[in-house]
Amino acid sequence: MTNEAQIEELFKFIYPLAIRAGEILFEGYQNAGKSVALKCNEFHNVVTDYDNEIEEFLMSSILAKYPDHKFIGEEDTHKNNNITKELADAPTWIIDPIDGTSNFIKQIPHVSVSIGLAINKQIVLGIVNNPAQKKLYTAKLGQGAFCNGEAIHVSDCEHLNAANVAYEVCLLHAPKIRNKHIKRIYFIGSQARRLLGYSAVVDSLCMVAAGNLDAFHIEDMYPWDCGAGYLLIREAGGVVTHPYGGPFEIMRPDLICAGTEALRKQIENLIRKADLAESVGSDDVNE
């Protein structure tokens, strides 16, 4: 078991690094002429020099202090044996250097550095720095969730027709999963008070933790999108499950998160109906 003293030591170590990573992000955010490249020659898959700089900074700094620690990260700039594709018992940092890169490029303030830490395959620490909004989210296992040092809590909304729900609509660019997401957007959006899309998984998770959003559903994303945000929501009193109601798994981070189980269950029921539907456009969308 991981003890509180170990978590506290690692939190005190990573906290100033998260602050510095946010400063690098904000420098790039303000630079309207930043260089942008495509990953894998995909028009929707963008990266900047700042993504690589932040990840390299964080990994190098961590390894200088803890050479045996492992990493799961989006850019994998630090090519060595510390990069892993599996969650191990060893301390493993789950890093997204810039979540919301498209927003970052266009100076849309839903953009952040996300740092999660897993020990013994359990997320024990999370820090999210959104310098464009001047928000720093922190969570330690069993010790609550905070934004700028103030305790945060999820909303108490129990009914979808009173809920603001976020959905990662940018997934529509992927042909193999496009139809699934169109159907789910249709079913959930027809019942929610508002269906919102920020093109920023980490920021959306933080907004659920802080009660700004009532729920969020994502699928087909990656561990670095959810490592810190998952813990923030749980520590803020929220629920996080697989979209079909099973346990959340960080290495396959498909999820529904919500402030209440009642709301989460309504979204799950609509996802199940959407997945059975051959097409959308009918009026049969009631939960």
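No hydrogens, no waters, no symmetry mates; every other heavy atom, side chains included, goes into these values. As the structure is a prediction and not an experimental result, all values here were calculated from the model.
Contacts classified as side chain to side chain donor-acceptor pair (under 3.5 Å) and involving residues 152-164 (residues at least two apart or in different chains) are given here: S155-D214.
A distance-only check finds a donor-acceptor pair linking the side chain of N148 to the backbone of L136 [under 3.5 Å]. Of the possible polar contacts, one joining the T92 side chain to the A90 backbone as a donor-acceptor pair under 3.5 Å is found.
Residue V202 shares its hydrophobic cluster (ILVMFWY side chains chained together at separations under 4.5 Å) with V128, Y137, I152, L232.
Shown here are the side-chain contact (heavy atoms from CB on, under 4.5 Å) partners of S61, two or more places apart in sequence or in another chain: L17, F57. For N179, the side-chain contact (heavy atoms from CB on, under 4.5 Å) partners at least two apart in sequence or on another chain are K183. Under the side-chain contact (heavy atoms from CB on, under 4.5 Å) criterion, K106 pairs with I108, sequence neighbours left out. In terms of the side-chain contact (heavy atoms from CB on, under 4.5 Å) criterion, residue partners of E268 (sequence neighbours excluded) are, by chain and number, I256, R264, K265, R272.
Considering every non-hydrogen atom in both D203 and Q133, the closest pair reads OD2-NE2, 3.5 Å. Smallest separation of non-hydrogen atoms from P97 and L25: O-CD1, 4.1 Å. Taking each heavy atom of A228 and G126 in turn, the nearest pair found is CB-CA, 3.8 Å. Considering every non-hydrogen atom in both L171 and M221, the closest pair reads CD2-SD, 3.6 Å.
Classified by interplanar angle (parallel below 30°, tilted 30° to 60°, perpendicular above 60°), the ring pair H181/H217 is tilted. Between F26 and Y29, the angle of the ring planes stays under 30°, which puts this pair in the parallel group of the 30/60° scheme.
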R252 vs D254, salt bridge (Lys or Arg N to Asp or Glu O under 4.0 Å): CA-CA, chis, key distance, verdict: CA-CA 6 Å; R252 190 179 178 186; D254 304 332; 3.7 Å; yes
Audit row: L117, I94, side chain to side chain contact (heavy atoms under 4.5 Å, CB included) steps and yes/no: CA-CA 6 Å; L117 175 65; I94 305 172; over 6 Å; no
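Between V124 and K140, the closest side-chain pair of non-hydrogen atoms is not below 4.5 Å. Within the 4.5 Å cutoff, no side-chain heavy atoms of I218 are placed close to those of Y167. At least one side-chain heavy atom of Y198 sits less than 4.5 Å from a side-chain heavy atom of L213.
Here N269 contributes atom CG and Y244 contributes atom OH; the two are 11.0 Å apart, rounded to the nearest 0.5 Å.
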